[in-house]
Amino acid sequence: MAEEGDVVSKTFRALVESADRKFARVRDFPSYGRAQGQHYFQKVFKAYMRLWKYQQEHRTELVKAGLNRWEIGEIAGRIGQLYFGQYTRTSEARFLVEAYVFYEAILKRRYFEGCKVKDLGVRFKELRFYARFLLVSLILNRTQTVKVVVEKLKALVDNCNANFRETNFKEWKLVVQEIVRFMNADTTFAIASARPFRYSAIFDCHPNSVQYVARFHAKKVLKFRDAILMSYHRNEVKFAELTLDAYRMLQCLEWESSGSFYQKHQAETKENGVVVDYSGTSGLIDMKLVADMTDPTLPPNPRKAILYRPSVTHLIAVMATICEELPPESVILVYLSASGKPSHINASPVESSGGSKRTTKNKLTSHNSLEQNFSSPEPHINGKKGFSDYYDDYLWLGSKGNGGSSNLYPGDIIPFTRRPLFLVIDSDSSHAFKVLHGAERGEKAALLLSPFRPMFKDPFSADITQNGSQFTFFLTAPLQAFCQMTGFALSDSDIEVLKNAENILSTAFSKWEVILCKSLSLDLVWAQVLSDPFLRRLIIRFIFCRAVLSAFCPPEESEQYVPVCLPQLPNSLSPKAEVVQSSVSQLANHLNVADGFHFDNT
């Protein structure tokens with residue numbers, strides 16, 4: 001019996017070493033591109049699947065041989081890491097759910113608890129587990145789980161400080177501060193009943209317009225396959241390498257699962273004609289949870305490359321890779337949120353407004369450098385663009401003192417316009433990218449450009465380092481952005497108010513979808529992406545954002561506070577159009593904030 005136990009233990013250790021070697025090979029693979037070492041991932045999944053099953057089948061012998069519970073937790077954690085890595089590369093929701101299943105099992109089964117207090121190595125493993133579980137739970141919107149894990153993380157950091165006084169846990173204190181700051185900024189934690197950021201067939205597929213969308217046929221139709229999401233601001237709200245703005249955009253470009261039609265897929269992925277099954281492992285942990293959180297009836301999510309504080313050269317390399325691999329008749333969404341010239345970073349480009357025509361006196365003082373930047377909204381003269389127009393203003397991706405190597409110019413984007421681009425630029429230098437319109441090298445780009453400055457009734461709400469970008473918030477959670485702008489405090493105690501406000505927006509968005517589908521003046525750039533639910537929703541929300549800000553800001557200064565789209569959308573949906581203004585007015589009246597707006601004929 002002793003010999004048999006010894007064989008089992010040696011076999012287990014060999015399997016652990018083999019799996020760890022394979023894990024090390026794939027851990028640092030880039031999270032973008034369609035063919036980044038999938039065969040390696042297949043081998044690693046198989047190795048950990050074999051290891052997990054082996055420790056289950058021989059648990060008694062292994063425990064007698066000295067197996068610690070934290071070692072089981074570490075294996076489960078590695079599997080969770082692998083699944084999350086696959087999610088970041090493919091954006092397939094099932095991988096994110098599988099990661100959550102393993103991490104939750106570690107938490108519930110207390111694999112890391114009960115270890116020797118003085119085992120510093122195990123304590124660090126437990127800290128890293130909590131951090132990874134928090135990131136997965138955030139993306140899945142498991143707010144209650146986040147709250148539970150945050151408390152456990154706080155307690156563990158305090159415990160480590162007390163028991164390992166010679167070790168500095170400053171970095172982990174910062175991790176705790178980051179997640180608390182993120183929770184305070186993310187309205188999901190304050191309004192649990194708010195609609196999801198993800199595309200929900202229940203809330204976002206409007207019955208009155210669905211038939212028009214279904215019948216809509218443009219001369220050319222593009223499929224939304226890939227997205228690049230990048231947010232780069234100093235001191236912005238973030239957790240790990242996920243900023244608040246990127247987090248909101250990420251969720252906005254995914255399907256919300258109903259979980260009601262789950263069927264286990266034995267074979268989902270094919271690699272060189274060979275079936276690869278990544279789903280076998282989690283069934284050994286909690287199939288019911290997977291069933292509750294997964295819906296295979298939904299279309300696949302577009303792939304998303306999420307870049308955290310990239311260099312300009314890295315951003316360009318990622319764009320080049322994705323453009324090169326883009327399937328025919330497809331479009332890439334590129335979301336760039338960053339400050340303009342370095343001199344803008346410490347500015348406070350905010351208008352405090354009560355919304356009426358009398359509000360121009362309530363202006364916050366701005367830096368001279370900002371005013372100079374806003375002095376010329378059109379960078380070319382007589383319609384002719386010179387070389388300097390493409391390399392004048394820029395987005396700034398870098399730490400202090402990096403110079404020109406950190407500047408992303410409009411001209412840097414031009415080579416990629418050989419493929420269809422849907423560009424969302426959120427910056428105080430966004431209008432510099434107007435020069436891209438008409439300068440494309442093959443395909444006309446769709447441009448959604450943020451205002452120069454945000455606009456709020458309460459100027460303290462405008463701090464991007466506390467609340468994220470206003471323009472991005474409108475594109476991802478329009479009602480919450482509207483309430484934040486007007487100073488209306490939403491809470492779960494106002495469920496009926498919230499529900500009626502959402503219904504007003506749904507009715508308006510449905511009408512606007514019909515108008516877009518029936519418009520004879522809709523530019524092909526917009527028409528060719530209108531069939532895609534994610535991009536159509538962004539266009540509709542842009543129309544709302546533009547109309548709200550146009551009616552809320554001082555009329556004589558609208559140029560600085562109203563977003564721009566190129567090519568132009570139909571005049572029938574302009575901020576002054578009755579069908580648009582009446583909806584904004586109805587919402588403002590419903591929330592009793594209409595006195596902050598100026599409407600023409602409503």
Salt bridge [X]-[Y], side-chain N to carboxylate O under 4.0 Å:
{"X": "E254", "Y": "K304", "result": "yes"}
{"X": "K108", "Y": "E104", "result": "yes"}
{"X": "E126", "Y": "R123", "result": "yes"}
{"X": "K154", "Y": "E151", "result": "yes"}

* Would F169 and F124 count as a close aromatic pair, with their ring centres under 6.0 Å? -> yes

* Hey, do the aromatic rings of Y103 and F84 have their centres closer than 6.0 Å? -> no

Can you name the closest pair of heavy atoms from [X] and [Y] and give their distance?
{"X": "Y54", "Y": "T11", "answer": "OH-CB, 3.3 Å"}
{"X": "W52", "Y": "I72", "answer": "CZ3-O, 3.8 Å"}
{"X": "R198", "Y": "N141", "answer": "NH1-ND2, 3.6 Å"}
{"X": "A19", "Y": "L51", "answer": "CB-CD2, 4.2 Å"}
{"X": "G398", "Y": "S406", "answer": "CA-OG, 3.6 Å"}

* **With Q480 via side chain to side chain donor-acceptor pair (under 3.5 Å) - residues at least two apart** => T187

* Got a sec, which residues hit ring pair (Phe, Tyr, Trp, His ring centres under 6.0 Å) with F534, two or more places apart in sequence or on another chain? -> Y199, W255

* Residues that F239 engages under ring pair (Phe, Tyr, Trp, His ring centres under 6.0 Å), provided they are two or more places apart -> none

* To do: Could you give me the CA-CA distance, side-chain angles and deciding distance for V237 and D186, then say whether side chain to side chain contact (heavy atoms under 4.5 Å, CB included) is met?
  => CA-CA 9 Å; V237 178; D186 182 12; over 6 Å; no

* Examine the side chains of S18 and K22 and answer whether a donor and an acceptor come within less than 3.5 Å of each other. => yes

* CA sep, side-chain torsions, deciding dist, call: F488, V497, side chain to side chain contact (heavy atoms under 4.5 Å, CB included) -> CA-CA 11 Å; F488 183 88; V497 174; 4.1 Å; yes

Spacing of [atom1] belonging to [X] relative to [atom2] belonging to [Y], to within rounding of 0.5 Å:
{"X": "Q470", "Y": "S450", "atom1": "CD", "atom2": "OG", "value": "10.0 Å"}
{"X": "M49", "Y": "I79", "atom1": "CE", "atom2": "CD1", "value": "8.0 Å"}
{"X": "F102", "Y": "L107", "atom1": "CZ", "atom2": "CG", "value": "15.0 Å"}
{"X": "D119", "Y": "N163", "atom1": "CG", "atom2": "CG", "value": "12.0 Å"}
{"X": "I425", "Y": "Y335", "atom1": "CD1", "atom2": "OH", "value": "10.0 Å"}
{"X": "Q251", "Y": "T476", "atom1": "CD", "atom2": "OG1", "value": "9.0 Å"}

* To do: Show your reasoning for whether side chain to side chain contact (heavy atoms under 4.5 Å, CB included) applies to Y232 and L395.
  => CA-CA 9 Å; Y232 199 137; L395 304 186; over 6 Å; no

Is there a donor-acceptor pair closer than 3.5 Å between any side-chain N or O of [X] and the backbone N or O of [Y]?
{"X": "D204", "Y": "S200", "result": "yes"}
{"X": "R234", "Y": "S339", "result": "no"}
{"X": "N168", "Y": "K170", "result": "yes"}
{"X": "T88", "Y": "G85", "result": "yes"}
{"X": "S137", "Y": "V146", "result": "no"}
{"X": "R69", "Y": "R109", "result": "yes"}

Compare all side-chain heavy atoms of [X] with those of [Y] and state whether any distance is below 4.5 angstrom.
{"X": "S430", "Y": "D426", "result": "no"}
{"X": "L336", "Y": "L397", "result": "no"}
{"X": "V175", "Y": "W172", "result": "yes"}
{"X": "V318", "Y": "M230", "result": "no"}
{"X": "L591", "Y": "F482", "result": "yes"}
{"X": "L156", "Y": "F112", "result": "no"}
{"X": "Q81", "Y": "R128", "result": "no"}
{"X": "Y247", "Y": "F182", "result": "yes"}

* Asked: With respect to E236, which candidate in S337, S231, S469 satisfies the side chain to side chain donor-acceptor pair (under 3.5 Å) definition?
  -> S231

* Asked: Is the Y83 ring parallel, tilted or perpendicular to the F45 ring (thresholds 30°, 60°)?
  -> tilted

* After noting the C-alpha distance and the side-chain angles of D245 and T472, does the key distance pass the side-chain hydrogen bond (donor to acceptor under 3.5 Å, both in side chains) rule? -> CA-CA 7 Å; D245 286 338; T472 297; 4.5 Å; no

* To do: Scan for salt bridge (Lys or Arg N to Asp or Glu O under 4.0 Å) pairs involving residues 71-82, sequence neighbours excluded, and state none if there are none.
  => R13-E71, D20-R78, E74-K125

* With ring pair (Phe, Tyr, Trp, His ring centres under 6.0 Å) as the test, would you mind laying out the steps for Y111 and F129 before giving the verdict? => CA-CA 11 Å; Y111 283 131; F129 154 67; 9.3 Å; no

* To do: Dump the intermediate steps for side-chain hydrogen bond (donor to acceptor under 3.5 Å, both in side chains) on T143 and K147, then the final yes or no.
  => CA-CA 6 Å; T143 55; K147 292 175 182 177; 5.4 Å; no

* Of all pairs that satisfy side-chain hydrogen bond (donor to acceptor under 3.5 Å, both in side chains), the ones with a partner from residues 173-185, not counting sequence neighbours -> E178-K238

* Asked: Is it true that atom CZ of R25 has more than 12 heavy atoms of other residues, nucleotides or ligands lying nearer than 6.0 Å?
  -> no

* Is R142 positioned over the aromatic face of Y100, cation under 6.0 angstrom from the ring centre and no more than 45 degrees off axis? -> yes

* Within 45° cone of F474 ring axis and under 6.0 Å: R541 NZ or CZ -> no

* **Residues L229, L253; criterion side chain to side chain contact (heavy atoms under 4.5 Å, CB included); working and verdict** => CA-CA 10 Å; L229 309 180; L253 301 176; 4.0 Å; yes

Could you list the donor-acceptor pairs under 3.5 angstrom formed between side-chain atoms of residues 305-312 and any protein atom two or more places apart in sequence or on another chain?
| residue | atom | partner | partner atom | Å |
| --- | --- | --- | --- | --- |
| R309 | NH1 | H233 | O | 3.4 |
| S311 | OG | T313 | OG1 | 3.1 |
| S311 | OG | H314 | N | 3.1 |

